[in-house]
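These values consider heavy atoms only, across backbone and side chains, with no hydrogens, waters or symmetry-generated copies.
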2 protein chains.
Amino acid sequence: MARTQGSHSDITGPRIRAAALKLFAQHGYAAVSMRQIASEVGVQAGALYNYTPDKQSLLFSLMEGHMTELLQAWQDLRDPDQTVSAGSAEDHVLARLEAFTRFHIRFHLERPDAVFIAYMELRNLSEDNFTAIESLRREYENALETILKDGVRLGVFHIPDTKIATLAVIAMLNGVMTWYRSGGRLSLDEVEAIYWDMVQKSVRA
Amino acid sequence: MARTQGSHSDITGPRIRAAALKLFAQHGYAAVSMRQIASEVGVQAGALYNYTPDKQSLLFSLMEGHMTELLQAWQDLRDPDQTVSAGSAEDHVLARLEAFTRFHIRFHLERPDAVFIAYMELRNLSEDNFTAIESLRREYENALETILKDGVRLGVFHIPDTKIATLAVIAMLNGVMTWYRSGGRLSLDEVEAIYWDMVQKSVRA
DNA sequence: GTCTATAGGACGATAGAC
DNA sequence: GTCTATCGTCCTATAGAC
């Protein structure tokens, strides 16, 4: 813990990010001071400014990192799959929706703090930073909306408005964050199955 | 605006609550100062303490008021309805779910600021205050869960876990707050209909 | 019931020694 | 790269005049 003097290149940068992530999620960006973050890492407040120009940049960097990871992880999951699969087009669009549902739940439950911040601290971003994050979020929503639109075209789904359905499905899935605790009475796979049942039925024709 | 001197009993109390509600929703509890609230009302910061013992109590009072109103409004809607309705028990449980869905959307869209605060500022409540609000929230969730359980018993709904389904439905409905703006391309009634379609299908047998 | 004034402390960020 | 020290500002809450 508490350093005394001199250079300890170390891995202070990542530890600052980890501490900020945890504290921002717990108490909120505005309620957390740079001194608190420094204390969690075991350095003095001034030292933080070797790693971030200011508090706002630290928040933005955490949120941007999270959204980029999310998009990349979904890409990675989809890519090997581009090779045409067996089965009907109808089955395929259902499989894509199931893959998205399970991916979303698993990815988000693995990083509750980052998810919390990405949704709760939007209003504490500067205007430019907000625009950037919103654009990444929209990109992710489009991934789901594309699936829903394909399903509607094939007659597999009945959806009055695909944009609203997209947001409704994501909102429902995000709800899992408010109650799920690993080690609870339900396994991750059971949780995924329950939500997949509801999601699938909610958009079915 | 800015008063100069003397007594103006007025309706300062409600105006303080309204200003705090708006500012807390906009910037977050921790980011809003008593000075900002006072300035919005047109008084000096010290005057606020004639109406609240401290900032924390002001937040709690706003959240408690909102939750109490919510529960009361749902009670009021249900009470006249206790008189047995015509139709089968199966139809009746569906009608109750539809009533809840439409009520929830309408009530929440009418007070976006209060809803926002009730969900986002839980972590800024003191321990005791948090417990009190959580208890009110659970009471509201139980209203929905009762309907779902009745539907399962009648074979109208197929729900692996009524507690999870309760939270999933509420999460989905709350999602409407993130995008709906009155005067947009969809009327309130159309929005209710779209969500009712999805909710109903998601729990159907 | 509101004002002015202020106590007492925490804040973000910077400067300069090591 | 981290420390100590500090600047200038803002904060919650209180005291006392009117």
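Distances shown here put a side-chain N or O of B:Gln44 below 4.0 Å from the OP1 or OP2 atom of C:dT4. Here B:Ser33 reaches the OP1 or OP2 of D:dC11: one of its side-chain N or O atoms lies under 4.0 Å away.
For A:Thr12, taking side-chain heavy atoms from C-beta onward, the closest of the listed nucleotides D:dT4, D:dT2, C:dG12 is D:dT2. The listed nucleotides are D:dC11, C:dC3, C:dG12; the one nearest the side chain of A:Met34 is C:dG12. Of the candidates C:dT2, D:dG1, D:dC11, the closest approach to any side-chain atom of B:Gln36 belongs to D:dC11. Nearest nucleotide to the side chain of A:Tyr51, out of D:dT2, D:dT14, C:dC11: D:dT2.
Across the protein-nucleic acid pair, B:Tyr49 atom OH and D:dA13 atom C1' stand 5 Å apart, rounded to whole Å. Atom pair A:Lys55:NZ and C:dT14:C1' shows a separation of 17 Å (rounding to whole Å applied). The distance from atom CD of A:Gln56 to atom P of C:dC11 is 18 Å, rounded to the nearest whole Å. At whole-Å resolution of the value, CD1 in A:Ile16 and C1' in C:dG12 are 15 Å apart. B:Ile37 places its CD1 atom 17 Å from the P atom of D:dC10, with the value rounded to the nearest Å. For the pair A:Leu23 CG and C:dC11 P, the interatomic distance rounds to 12 Å; values are reported in whole Å. With rounding to whole Å, A:His27 atom NE2 is found 12 Å from C:dC11 atom P. For the pair A:Leu48 CG and D:dG1 P, the computed distance is 14 Å after rounding to whole Å.
From B:Leu148, atom CG reaches atom CD1 of B:Ile159 across 4.5 Å, with rounding to the nearest 0.5 Å.
By the 4.5 Å heavy-atom criterion applied to side chains, A:Met63 and A:Leu122 are counted as neighbours.
We find that B:Glu141 and B:Lys163 are joined by a salt bridge, their nearest charged nitrogen and carboxylate oxygen being less than 4.0 Å apart.
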**Request:** Test salt bridge (charged side-chain N to carboxylate O under 4.0 Å, His left out) on A:Glu98 and A:Arg102 and set out the steps.
**Result:** CA-CA 6 Å; A:Glu98 179 170 4; A:Arg102 290 181 180 272; 3.0 Å; yes
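Both A:Pro53 and A:Ala31 lie close to DNA chain C; mapped to their nearest nucleotides by heavy-atom distance, the more 5′-ward contact belongs to A:Ala31.
Between the B:Thr166 side chain and the B:Thr162 main chain, a donor and an acceptor come within less than 3.5 Å of each other.
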